[in-house]
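Read through the structure below, which is laid out as structure tokens, and then see the notes.
Computed from a predicted model, the values in this text were never measured in an experiment. When a ligand or atom number is given, it counts from 1 through the structure's own listing order.
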Amino acid sequence: MRFLTAGESHGPALYTIIDGLPAGLPLTESDLEPWLKRRQGGYGRGRRMQIETDRARIRSGVRAGRTTGAPVTLVIENRDHRNWSEIMDPAPGNEPRKKALTAARPGHADLAGGQKYGHKDLRDVLERASARETAARVAVGAVAARLLAELGVESAAYVVALGGVRIQRPFRWEDKHRVDASPLFTPDPESEARMIAAIDAAKARGDTLGGVVEVRVRGLVPGLGSHVQWDRKLDGRLAQAVMSVPAIKGVEIGLGFEAAERPGSEVHDAIFWEEGRGFFRRTNRAGGLEGGITTGEELVIRAAMKPIATLMRPLPTVDVVTKEPADAARERSDVTAVPAAGVVVEAMILITLAAAYLEKFGGDTLEEIRERVAAYRRRLVEY
Ligand code: EPS
């Protein structure tokens, strides 16, 4: 299974084509809606989210509510495009364009992308570097979630730190619905109140905030990924997928960096066996992966997001045309998008896991895959 996205932040739409899905997967536009809605949420978002109401339209690969095995095309309209149609017009003319951006924002892709592609209007970088693109990825993630749900796999994403405030109460699966309904998608209402105060204070200062999100996935079979080759190790593939999310600067699996500080006896998970259950661990400090292969325990992945680069009280920079010192460009901005990033990270993890399932179990139809997963699970109990 593979996919690409296309589309600019203020262009007509975002597009994605997902290739390699099995036939027979139940899929409707309403399966995608809650995911897109969740990505738009979270306290601290800016005015753009009041303009957009993301809906993914299915444009190919699905008939009568089921995938056919053909590529699935999804399209998400940018409502804001109507305010930008002249600026984003692909036809020549109207040069220089309005809203040209020449004061590169520190921390954004503006300068590096401008140098690389030779753009002096950094909007040619910004439009594609914008995290708007993640809406398309979340739509793909929703499809992956639909496939994984058929195989008994479930996931949750939540904020564990924001603006330096850490949650004091850990996530429990029973809290999942409450977490999704809470303003910052956290399992700890008390810490959440302090995070909201931090967001309000940052907003008043014209500043932005980062944080840490955690994703858990349960119901996975042991044996996804492989130890035999570097690019088949699932931990490496998951880390790449997570690091590709805009503004993510660090990834941890299980204990993560804390494992480096503990002795081995307090890091590795002892192995047990029971009749009818097979092999299992009572602890999960490995976060569900050993040797680049899933262990069957819960997958636990954290991602660190830096604060958004567009500051309302901008940092000093240089104008790429005049070379004069300048204040960084100031577009409207979110104060924080950590809750939304959790949804995007979850989507990227599920896409990677869906691809790993399809690699291990193959199958042109959902039914074939289901049968193969069930047969493999039976074999594991006898192993
Ligand atoms: C973004 C800047 C803002 C955000 C945008 C990401 O957009 P605008 O420039 O239109 O104000 O709202 O995020 C989204 C549009 C979204 O859907 O998440 C940026 O520069 O990365």
Side-chain angles (χ1 to χ4, degrees), residues 5-16 32-56 74-88 97-101 103-114 119 121-142 157 185 199 203 206-210 213 244-249 305-312 314-315 317 328-348:
T5 72
E8 277 75 34
S9 180
H10 303 100
L14 299 164
Y15 312 86
T16 180
L32 314 177
E33 218 173 284
W35 281 81
L36 293 168
K37 193 166 174 212
R38 202 152 56 92
R39 193 203 68 93
Q40 288 200 276
Y43 190 79
R45 299 306 298 274
R47 272 178 293 123
R48 174 77 186 268
M49 285 306 99
Q50 289 157 22
I51 299 172
E52 306 294 346
T53 310
D54 291 341
R55 267 211 81 163
L74 304 175
V75 180
I76 302 168
E77 184 200 350
N78 286 325
R79 287 194 168 184
D80 201 18
H81 177 64
R82 65 178 76 112
N83 306 315
W84 295 74
S85 52
E86 194 192 329
I87 295 158
M88 298 306 293
R97 299 261 152 128
K98 280 191 271 175
K99 290 253 190 197
L101 187 132
R105 291 164 299 170
H108 224 290
D110 300 348
L111 181 57
H119 297 309
D121 178 358
L122 301 176
R123 177 159 301 285
D124 288 337
V125 178
L126 170 170
E127 284 292 336
R128 183 65 186 155
S130 164
R132 176 76 187 143
E133 182 265 345
T134 62
R137 296 204 223 178
V138 167
V140 180
F185 308 161
I199 293 170
K203 185 172 185 178
D207 215 335
T208 56
L209 296 176
V213 296
S244 77
V245 175
I248 299 300
K249 300 301 274 185
M305 184 190 199
K306 69 179 181 177
I308 280 166
T310 308
L311 305 185
M312 286 302 122
L315 291 171
T317 186
R330 215 176 323 187
E331 303 230 338
R332 63 186 167 203
S333 174
D334 303 321
V335 179
T336 189
V338 175
V343 182
V344 183
V345 167
E346 183 181 14
M348 291 308 295

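Counting heavy atoms from C-beta on, the side chains of Asp80 and Glu52 come closer than 4.5 Å. Under the 4.5 Å side-chain criterion, counting only non-hydrogen atoms from C-beta, Leu126 is in contact with Leu101. Using a 4.5 Å heavy-atom cutoff, the side chains of Val213 and Val338 are in contact.
Taking a 4.0 Å cut-off on heavy atoms, Arg39 registers as neighbouring ligand 1.
For atom 13 (O) of ligand 1, the choice among Glu133, Arg132, Glu127 with the nearest heavy atom turns out to be Arg132. The closest heavy-atom contact to atom 6 (C) of ligand 1, among the options Ala247, Ser130, Gly46, comes from Ser130. When the heavy atoms of Arg105, His108, Gln50, Arg48 are ranked by distance to atom 7 (O) of ligand 1, first place goes to Arg48.
Counted by atom type alone, Ser9 and Arg48 present one or more donor-acceptor pairs between their side chains at under 3.5 Å. In the model, Arg39 has a side-chain atom that pairs as donor or acceptor with a side-chain atom of Thr134 under 3.5 Å. For the residue pair Arg137 / Ser244, a side-chain donor-acceptor distance below 3.5 Å is found, with atom types taken as modelled.
For Asp334, no nitrogen or oxygen atom sits less than 3.5 Å from a nitrogen or oxygen atom of ligand 1, counting backbone and side chain alike. In terms of N/O distances under 3.5 Å, ligand 1 is approached by Ala131. Any N or O atom pair closer than 3.5 Å counts here, and Arg45 shares at least one such pair with ligand 1.
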**Request:** Under the salt bridge (charged side-chain N to carboxylate O under 4.0 Å, His left out) rule, what do Lys98 and Glu86 come out as? Steps first, then yes or no, please.
**Result:** CA-CA 8 Å; Lys98 280 191 271 175; Glu86 194 192 329; 3.6 Å; yes
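Each of the following atoms of ligand 1 lies closer than 4.0 Å to a heavy atom of His10: 8 (P), 9 (O), 10 (O). For ligand 1 and Met49, the ligand atoms under 4.0 Å from any heavy atom of the residue are 14 (C), 15 (C), 16 (C), 17 (O), 18 (O).
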